[in-house]
Amino acid sequence: PYGFAGEVLAEWLGSPPVRANFQIEDPEDAAAMLLGMVMQDSGFKLMMDSNATMPPHLVETHARRGVAIFLRGVRKGA
């Protein structure tokens, strides 16, 4: 559902160095989950209010937080 970005992310999540440190059972599913965490909330807010905008620093903060939560959740030994 996330096109090229999802494919690239799934390939990275399925790579041996990533799998050595993180528990990724299905790279495609994990990519969709991560992209959803990063994009969905912001996109929903913007979709519901046609006049809404998000400053770039808030978009980056939200994305970084989503990635951190995801990686913490799939880290081996966590």
Side-chain angles (χ1 to χ4, degrees):
Y2 291 101
F4 181 71
E7 291 174 19
V8 170
L9 187 55
E11 185 175 324
W12 180 76
L13 289 169
S15 69
V18 173
R19 287 195 161 199
N21 294 303
F22 298 97
Q23 184 177 337
I24 306 290
E25 295 174 15
D26 180 342
E28 289 82 15
D29 188 45
M33 178 90 48
L34 176 55
L35 287 170
M37 289 174 71
V38 169
M39 297 170 51
Q40 206 161 12
D41 183 56
S42 301
F44 185 73
K45 287 177 184 173
L46 296 173
M47 184 176 66
M48 297 305 290
D49 182 356
S50 61
N51 295 320
T53 60
M54 280 188 81
H57 74 280
L58 289 181
V59 173
E60 182 178 354
T61 299
H62 179 79
R64 286 181 182 277
R65 187 174 303 135
V67 170
I69 291 168
F70 175 84
L71 291 177
R72 196 170 29 245
V74 297
R75 184 176 52 224
K76 286 186 176 178

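On a predicted model such as this, the values are computed, not experimentally measured, just so you know. Worth knowing before you read on, the calculation uses all heavy atoms, side chains too, and leaves out hydrogens, waters and symmetry mates.
- Annotation for Lys76 and Arg19: closest pair NZ-O, 2.9 Å, computed over non-hydrogen atoms.
- In plain terms, the two heavy atoms of Pro27 and Gly14 that are nearest each other are CG-CA, 3.7 Å.
- Of all heavy-atom pairs spanning Phe22 and Arg75, the tightest one is CD2-CA, 3.5 Å.
- The minimum heavy-atom distance linking Ala31 with Gly6 is given by the pair CB-O, 3.7 Å.
- Val8 and Leu34 are members of different hydrophobic clusters when ILVMFWY side chains are connected at heavy-atom separations under 4.5 Å.
- Within a 6.0 Å sphere centred on CZ of Arg65, heavy atoms belonging to other residues, nucleotides or ligands number 12 at most.
- Counting all heavy atoms, side chain and backbone alike, Leu35 lies closest to Ala5 at CD1-C, 4.2 Å.
- Nearest heavy atoms, Val38 versus His62: O-CD2, 3.0 Å.
- In this structure, the side chain of Ser15 engages the main chain of Trp12 through a donor-acceptor pair within 3.5 Å.
- At a threshold of 4.5 Å between non-hydrogen side-chain atoms, the residues Glu7 and Glu11 do not count as touching.
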